[in-house]
Amino acid sequence: MDNNKTNGQPVGLFADKALKDEPHVGYVKAAPTASTQTHATEESNDLTAHAGKKTTIASGEALKLAVVGHTNTGKTSILRTLLRDVYFGEVKNEAATTRHVEQAKLTDSQTGEDLVILYDTPGLEDASGLMDWLEDNTASRRDGIERLQQFLAADIAQGGDALTSSGGNDDYSQEAKVIRQLLASDMAIYVVDAREPVLGKYKDELAILSWAAIPVMPVFNFTDSQDANIDEWQTMLARRNLHISTRFDSVAFEFEDEMRLWQNLATMLTHSEMLEQLMTRRTENWAQLYDEANIIIADFLLNVAAFVYEINEDDDPMPILAQMQEAVRQSERAMQHNLLNLYKFYDNAVAATPLELQAYQQDPFDPELLKSYGIRTTSGAAAGALLGLGIDAAALGTTLGLGAAIGGIAGGLLSNTSSIADRITGVKRLYIDPATLTLLATRAIDLLTALRHRGHAATDATQLLYKGEKTNIEQALDDDDHTVTPWPAHKLPSELKKARGKPQWSSLSSGKSEQAQLLRADMAWSLASKLQSRESE
């Protein structure tokens with residue numbers, strides 16, 4: 001079915017002026033999600049169909065939005081981040097990566113309704129040459145659409161055999177694909193590489209785009225660069241009556257920037273209901289993702305806090321401790337991958353993730369890592385194990401009057417804890433200590449923050465995780481007084497303290513994953529709420 005034609009004719013704001021031959025739409029394979037569906041075929045007749053000819057976008061119809069701009073400005077990169085899809089299109093640091101129009105949809109995650117249909121177009125390679133041709137071969141007294149129509153009918157717009165048979169040398173078939181899509185769209189965003197100076201070729205591109213007679217909004221990409229020339233660009237755009245623009249960095253992502261993009265587009269439309277619905281739904285989904293992420297972190301911390309291993313008094317604890325540490329390492333990696341999947345960073349081979357950075361590769365049981373975060377154990381003992389919590393703490397305190405000792409056990413390590421418990425029970429219980437729990441919590445929160453500020457076009461592990469911000473560990477190194485942990489290591493949240501006496505809560509102890517998760521579910525919700533409140537401080 002031809003989604004941009006009705007009875008063989010293209011549709012759009014001025015689609016009655018466009019030609020019948022549509023651009024090829026490249027095949028895209030993407031992981032399906034609730035809020036984003038990516039579609040494409042190998043033929044040009046796979047664009048969205050609407051019945052009848054119209055002069056403006058109708059109320060209740062999905063917005064058809066063309067993404068246009070010069071080659072290598074990051075059009076596909078912006079679409080990847082908007083779609084939360086690292087698989088969409090092809091991103092390379094070279095010109096003309098996108099050779100065909102590719103289509104994707106933003107849908108309502110609850111109803112499945114199409115809200116925005118996005119079209120990724122090839123880069124405009126030689127707008128200045130095309131402008132020269134238009135000036136030489138079309139009449140200036142004709143309107144812009146008529147001049148573009150005349151261009152689309154010419155051999156230079158066909159490329160391939162048509163161009164060869166005419167004996168011409170100029171090939172503007174890529175520009176023709178962009179113009180055909182413009183005439184079949186409701187509006188366009190013009191992607192600007194903010195690092196580029198304002199050159200004549202960009203002015204020519206804007207002039208040609210204006211002839212399509214649809215609203216065009218410039219979007220500045222790579223705005224986090226120190227070489228950004230946004231002021232110069234805005235001056236040039238204002239002279240062309242383009243007074244509404246926005247910033248949207250496809251690498252250093254900010255959710256507020258995305259909302260501002262949709263809001264600015266909505267101001268340019270007669271009927272903006274679909275964009276308003278999109279903003280509402282994506283705001284809800286963004287908040288829900290954050291809630292789910294904190295549940296993942298809280299559940300992981302409770303699972304580790306409840307992890308306990310009992311050995312006889314005379315047994316060497318170190319082999320068991322090594323096994324426990326490896327189990328925690330694997331559990332942390334599973335938690336990290338759950339966060340990556342939640343935010344749709346599926347495959348490290350497709351898009352580099354913060355996991356590739358040194359801070360996420362370091363062993364959580366490395367004492368030097370504890371120091372780098374400013375976390376210290378209470379006794380100087382080896383990180384990663386609390387030996388000697390032999391019997392129920394309340395009973396020990398009540399029976400023996402060792403309240404001070406119990407306080408020490410709850411908060412960290414005491415030098416005599418092991419000997420007290422061993423004499424009473426003859427059993428040693430091995431735990432993951434509060435300092436390591438605090439480190440695990442800090443790293444998990446750091447990763448979550450990184451993912452919320454990382455665009456899906458990020459392909460380099462050295463790219464900034466935060467827009468103008470440093471990681472917690474970098475802040476700690478710069479400022480000895482800066483608090484980077486969600487709580488002091490000696491003051492664990494009540495939920496984690498309770499978990500210390502509930503080994504059945506831990507799948508690492510019991511081996512019963514589903515049952516243990518159900519037992520700690522209520523505490524996970526409670527701890528997640530505390531994590532969110534501390535992250536917002």
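Positions are given from 1 along the sequence.
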**Message:** When you compare the side chain of K105 with that of L118, does any pair of heavy atoms fall below 4.5 Å?
**Reply:** no
**Prompt:** Between E256 and R247, is there a side-chain N and carboxylate O pair less than 4.0 Å apart?
**Reply:** no
**Item:** For E284, all residues meeting salt bridge (Lys or Arg N to Asp or Glu O under 4.0 Å), sequence neighbours excluded
**Value:** R281
**Item:** Side-chain heavy atoms of L339 within contact of I296, under 4.5 Å
**Value:** yes
**Request:** Not counting sequence neighbours, which residues clear side-chain contact (heavy atoms from CB on, under 4.5 Å) with Q150? List them please.
**Result:** T138, R142
**Request:** Please list, chain by chain and in numerical order, all residues satisfying salt bridge (Lys or Arg N to Asp or Glu O under 4.0 Å) with D193, sequence neighbours excluded.
**Result:** R195
**Message:** Please report whether the ring centroid of F255 lies less than 6.0 Å from that of W262.
**Reply:** no
**Request:** Keeping the roles fixed (side chain from T121, backbone from V67), state whether a donor-acceptor pair exists under 3.5 Å.
**Result:** yes
Atom pairs and distances, side-chain donor-acceptor, residues 233-242, under 3.5 Å, sequence neighbours left out:
{"unit_1": "W233", "atom_1": "NE1", "unit_2": "E196", "atom_2": "O", "d": "2.8"}
{"unit_1": "T235", "atom_1": "OG1", "unit_2": "D231", "atom_2": "O", "d": "3.1"}
{"unit_1": "R240", "atom_1": "NH1", "unit_2": "M236", "atom_2": "O", "d": "3.4"}

**Prompt:** Just wondering, more than 12 heavy atoms not from W525 lying within 6.0 Å of its CH2?
**Reply:** no
**Item:** Heavy-atom side-chain contact between D126 and D171 under 4.5 Å
**Value:** no
**Prompt:** Given side chains that start at C-beta, do those of R84 and F253 come closer than 4.5 Å, heavy atoms only?
**Reply:** yes
**Short N-O contact, R260 and D257, less than 4.0 angstrom** = yes
**Request:** Please determine if E332 and R443 form a salt bridge, counting it only when a charged side-chain N lies under 4.0 Å from a carboxylate O.
**Result:** yes
**Item:** Side-chain touch Y119/E102, heavy atoms, less than 4.5 angstrom
**Value:** no
**Pairwise side-chain contact, N221 with V192, heavy-atom cut-off 4.5 Å (strictly under)** = no
**Message:** Please enumerate all residues that pass salt bridge (Lys or Arg N to Asp or Glu O under 4.0 Å) together with D204, with sequence neighbours excluded.
**Reply:** none
**Distance, nearest 0.5 Å, that separates CD1 of I297 from CG of L448** = 4.5 Å
All N/O donor-acceptor pairs, side-chain side in residues 205-219, below 3.5 Å, sequence neighbours left out:
{"unit_1": "E205", "atom_1": "OE1", "unit_2": "Y190", "atom_2": "OH", "d": "2.5"}
{"unit_1": "E205", "atom_1": "OE2", "unit_2": "H70", "atom_2": "ND1", "d": "2.4"}
{"unit_1": "S210", "atom_1": "OG", "unit_2": "A207", "atom_2": "O", "d": "2.6"}

**Message:** Within the 4.5 Å heavy-atom criterion, are D108 and Q277 side-chain neighbours or not?
**Reply:** yes
**Asked** What's the spacing between L148 CG and E175 CD if we round to 0.5 Å?
**Response** 12.0 Å
**Lys/Arg N to Asp/Glu carboxylate O, D186 vs K64, below 4.0 Å** = yes
**Side-chain donor-acceptor contact under 3.5 Å, T107 with D114** = no
**Prompt:** Can you find a pair of side-chain heavy atoms, one from L183 and one from L152, that are under 4.5 Å apart?
**Reply:** yes
